[in-house]
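The next block holds one structure in the form of structure tokens; read it before the comments.
So that the names make sense, note that chain A is the first sequence line, chain B the second, and so on, each numbered from 1.
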2 protein chains.
Amino acid sequence: MERPRIRDYFQQDLSQNETITPKQRAILQASLDLFAEKGFDQTSTSDIAQRAGVAEGTVYRRYKTKVALRDAILAPITAHIVPILASDFSEDKLRQRYPSLQAFVTAIFTDRVAFAKANMKELKVIFEMAAFDTERREQILSQIAPKMVKQMGSVINQLKADHLIVDWPNDLILQSLLSQLFGYLARLMLELPGTEIEREQAYLITVMTKILTPGEHDQITGQ
Amino acid sequence: MERPRIRDYFQQDLSQNETITPKQRAILQASLDLFAEKGFDQTSTSDIAQRAGVAEGTVYRRYKTKVALRDAILAPITAHIVPILASDFSEDKLRQRYPSLQAFVTAIFTDRVAFAKANMKELKVIFEMAAFDTERREQILSQIAPKMVKQMGSVINQLKADHLIVDWPNDLILQSLLSQLFGYLARLMLELPGTEIEREQAYLITVMTKILTPGEHDQITGQ
DNA sequence: TCAAAGTGAGTGTATACTCACTCACTTAAT
DNA sequence: ATTAAGTGAGTGAGTATACACTCACTTTGA
């Protein structure tokens, strides 16, 4: 956990242009909490006002619509996702080869899991939106997916050249890793019973390493 | 794919007590389609009536509320989930040992993937509900999880005794398998670009088998 | 004193749900 | 065979309510 954490991104993003009042901050926090708890549609603007301890009109002072309010919450997150995805893959990192698979997997996922944990609620709201807003899903994906495939792709190719990683198509490799990652995050988000965070995070790296280790079972067989 | 498919469960379930009219069937179908397309809250009862080609009053003839309508759609699915989960683990199957990991993995997931594919829309509606309705989530989970853990647990223990499977706690094994399965299903449901069904299903079995194969990397290491 | 922040009663609209009514069809009586 | 009575699925205009959003006014703080 040596690398910088993401925090206070509201402050960070918003205070560049204008100051944010305590009440406006309370509104953002209440909205985020409620959207994550009950879902966007199930949250009324009067719910938000009540939770934030302000009048309903105050909610509309800065944000013209409820959707604009949601977007104000999600904007900083989506803006931060790309740098996070690209971290660890700056040019010098790329030039340095990873000595082992375990080092690679650990390096890659420590940041991303930390980021996800620090922004659980926002991610939950993003997922809700992505599930039924087809356009936005494609928009967000088109921003992120190519960058991710490209960045990870070059590292994977390096590892392939060194025979440190299984020789599967890169997209399949990514899919299996992301499945494990999202599965872990889903358990955290839904607070499924019996989720022991520390143990599972260690296990996550073990499983991913195992998937990627070259071996005899690597031929993709159908039935 | 030798074992029976799930189809026409509406007919099957409803016609025991009473006949279902063509219009009522159209209403169920339209609701299911719309709930899966746009989400429950984003679908109005007049949307449903329009899509089904009936008057709005007709929607309320059989189902007293919109929620009751959704439940009428989900009831047969949830009723069928448990048998599907338990299939392949009837007593004689349990007594017979699986000759190889691949056989085990293939046997387990063929049915379940087929079931999921045949009921994509219903699953999507269930997931939407589970995401924000904490009570229902726990209710459904409490019905399913223990059965699944028990059934799969005994088979895993057998495989462990034969040293055919990695020696990890059963819950961790299940989690990694379910992550892969749900990741695959999510890609299907969200129609993520570049999802080639056949190739990925074959790959799914390969990855799962690889995860479970005993080997040198099996110690769960943290950082 | 002024500008910005905050207020909350008020408004228009969307939507879940109701109900008095229609009408095609079945049953029963003559 | 004919007709009267009964049945219930279907209808759609109507209702009550909840909700997103507005605006004339008040409070705050520099």
Side-chain angles (χ1 to χ4, degrees), chain A residues 10-11 13-74 125 128-129 132-133 136, chain B residues 10-11 13-74 125 128-129 132-133 136:
Chain A
F10 277 145
Q11 200 68 285
D13 280 13
L14 291 178
S15 61
Q16 289 175 347
N17 304 327
E18 56 227 301
T19 54
I20 187 169
T21 67
K23 297 219 170 187
Q24 292 299 332
R25 173 168 275 277
I27 287 167
L28 285 173
Q29 190 61 53
S31 307
L32 175 58
D33 291 346
L34 286 167
F35 291 162
E37 278 170 32
K38 311 198 298 180
F40 181 76
D41 288 319
Q42 296 289 349
T43 301
S44 72
T45 48
S46 82
D47 284 342
I48 294 169
Q50 212 172 332
R51 174 81 66 104
V54 301
E56 207 174 337
T58 312
V59 175
Y60 284 90
R61 172 144 293 274
R62 190 179 290 256
Y63 306 104
K64 292 211 188 325
T65 67
K66 193 182 159 193
V67 168
L69 175 58
R70 182 188 64 187
D71 290 348
I73 289 172
L74 294 184
V125 179
E128 185 198 7
M129 204 179 66
F132 290 104
D133 189 330
R136 267 167 195 273
Chain B
F10 277 144
Q11 200 67 283
D13 280 13
L14 291 177
S15 62
Q16 289 175 350
N17 303 329
E18 56 227 300
T19 54
I20 186 170
T21 66
K23 299 221 169 190
Q24 293 299 332
R25 171 167 276 275
I27 288 167
L28 286 173
Q29 190 61 52
S31 306
L32 175 57
D33 290 346
L34 287 167
F35 291 162
E37 279 169 32
K38 310 199 297 180
F40 181 75
D41 287 318
Q42 296 290 349
T43 301
S44 72
T45 48
S46 82
D47 284 343
I48 294 169
Q50 213 171 329
R51 174 81 66 105
V54 302
E56 207 173 336
T58 312
V59 174
Y60 285 90
R61 172 142 292 274
R62 189 178 291 255
Y63 307 103
K64 292 213 189 324
T65 68
K66 195 181 157 194
V67 169
L69 175 56
R70 183 189 62 187
D71 290 348
I73 289 173
L74 294 184
V125 180
E128 187 197 5
M129 202 179 68
F132 292 104
D133 190 330
R136 268 167 195 272

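Base contact: B/T58 has a heavy atom under 4.0 Å from a base atom. Residue A/V59 is classed as having no contact, given no heavy-atom separation below 4.0 Å to the nucleic acid.
What separates OH of A/Y63 from P of D/dC21 is a distance of 15 Å, to the nearest Å. Separating the CD atom of A/E56 from the P atom of D/dA18 is a distance of 14 Å, rounded to the nearest angstrom. Distance, A/R70 CZ to D/dA20 C1': 14 Å, rounded to whole Å. As a whole-Å value, the separation of B/K23 NZ from D/dT11 C1' is 9 Å. The nearest whole Å value for the distance from the CZ atom in B/R25 to the C1' atom in D/dG10 is 19 Å.
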Decide yes or no on side chain to side chain contact (heavy atoms under 4.5 Å, CB included) for A/L69 and A/T45, but give the supporting numbers first.
CA-CA 10 Å; A/L69 175 58; A/T45 48; 6.0 Å; no

Worked check of salt bridge (Lys or Arg N to Asp or Glu O under 4.0 Å) between A/E37 and A/R51:
CA-CA 13 Å; A/E37 278 170 32; A/R51 174 81 66 104; 3.1 Å; yes

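Close approach of DNA chain C to chain A, defined as any atom under 4.0 Å from a non-hydrogen atom of the protein, starts and stops at C/dA5 to C/dG8.
Here A/K66 does not reach the OP1 or OP2 of D/dC19: none of its side-chain N or O atoms lies under 4.0 Å away. At D/dA18, none of the side-chain N or O atoms of A/S46 fall inside 4.0 Å of OP1 or OP2 (strictly under the cut-off).
Not one N or O on the side chain of A/D71 forms a donor-acceptor pair closer than 3.5 Å with the backbone of A/A68.
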